Amino acid sequence: MTDSFEPVIVGFTCNWCSYRAADAAGTARMKYAPNVRLIRLMCSGRLDPTFVMKALASGADGVLITGCHPGDCHYIDQNYKALRRFLLLRRTLKGLGVEPERIKLVWASAAEGLKLTNEINAFVEEIRALGPLHWPKWDSNGHTAEKQPILEVTA
């Protein structure tokens with residue numbers, strides 16, 4: 001691992017709580033690492049596990065999942081569904097030989113911009129310590145980037 005490694009992290013955020021916490025953090029000029037690319041979902045319960053696997057397979061070194069606190073979900077109990085999926089994803093990653101710490105679940109309300117900022121910064125450092133995720137890149141045909149078929153055209 002080199003000191004120049006900068007992790008790429010995809011963050012899936014709940015529209016009602018954690019996305020608004022990120023917005024509040026920005027409005028208050030709180031600094032968090034630019035390594036995180038936030039994607040807004042209507043609810044953390046809408047996060048399909050394949051989105052997480054696709055993010056990792058596409059080059060992300062870690063995935064941050066954020067949502068409303070349990071009991072405060074805009075959609076009643078969908079954040080419990082997100083928690084179950086998160087636990088399943090960790091077991092799946094471990095089974096694939098990938099550190100389960102590469103995904104993290106954080107509960108943050110709209111008023112917790114500072115908490116979300118601290119969690120993002122801590123997660124970036126955790127992923128930096130783990131190093132890059134060396135999964136092969138896949139193309140749309142299911143071939144790895146290293147083993148794509150080569151077409152030779154002769155005139």
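Note that the coordinates shown come from a computational prediction; the quantities given were computed from them, not determined experimentally.
- Hydrophobic side-chain contacts under 4.5 Å tie Val8 to no other Ile, Leu, Val, Met, Phe, Trp or Tyr residue.
- Considering only heavy atoms from C-beta on, Arg102 comes within 4.5 Å of Asp61 through its side chain.
- Here Leu114 contributes atom CG and Met30 contributes atom CE; the two are 5.0 Å apart, rounded to the nearest 0.5 Å.
- Nearest approach of Val10 to Ala60, heavy atoms of both residues: CG2-CB, 3.9 Å.
- Contact annotation: the side chain of Val52 approaches that of Leu47 to within less than 4.5 Å [non-hydrogen atoms, C-beta and beyond].
- Taking the side chain as every heavy atom from C-beta outward, Leu83 and Trp107 approach each other to under 4.5 Å.
- Under the 4.5 Å side-chain criterion, counting only non-hydrogen atoms from C-beta, Arg84 is not in contact with Leu87.
- Sorted by first then second residue, the side chain to side chain donor-acceptor pair (under 3.5 Å) pairs that include residues 18-27, not counting sequence neighbours, are Ser18-Thr66.
- Separation of atoms CD1 (Ile127) and CG (Asn35) is listed at 10.5 Å; rounding is to 0.5 Å.
- Taken to the nearest 0.5 Å, the CZ atom of Arg90 stands 4.5 Å off from the CZ atom of Phe86.
- Taking the charged nitrogens against the carboxylate oxygens, Arg128 and Glu6 do have a contact shorter than 4.0 Å, which makes a salt bridge.
- Classification of Glu119 and Lys104 as a salt-bridged pair holds, one side-chain N sitting under 4.0 Å from a carboxylate O.
- With a 4.5 Å cut-off on side-chain heavy atoms, Met42 and His74 do not count as touching.
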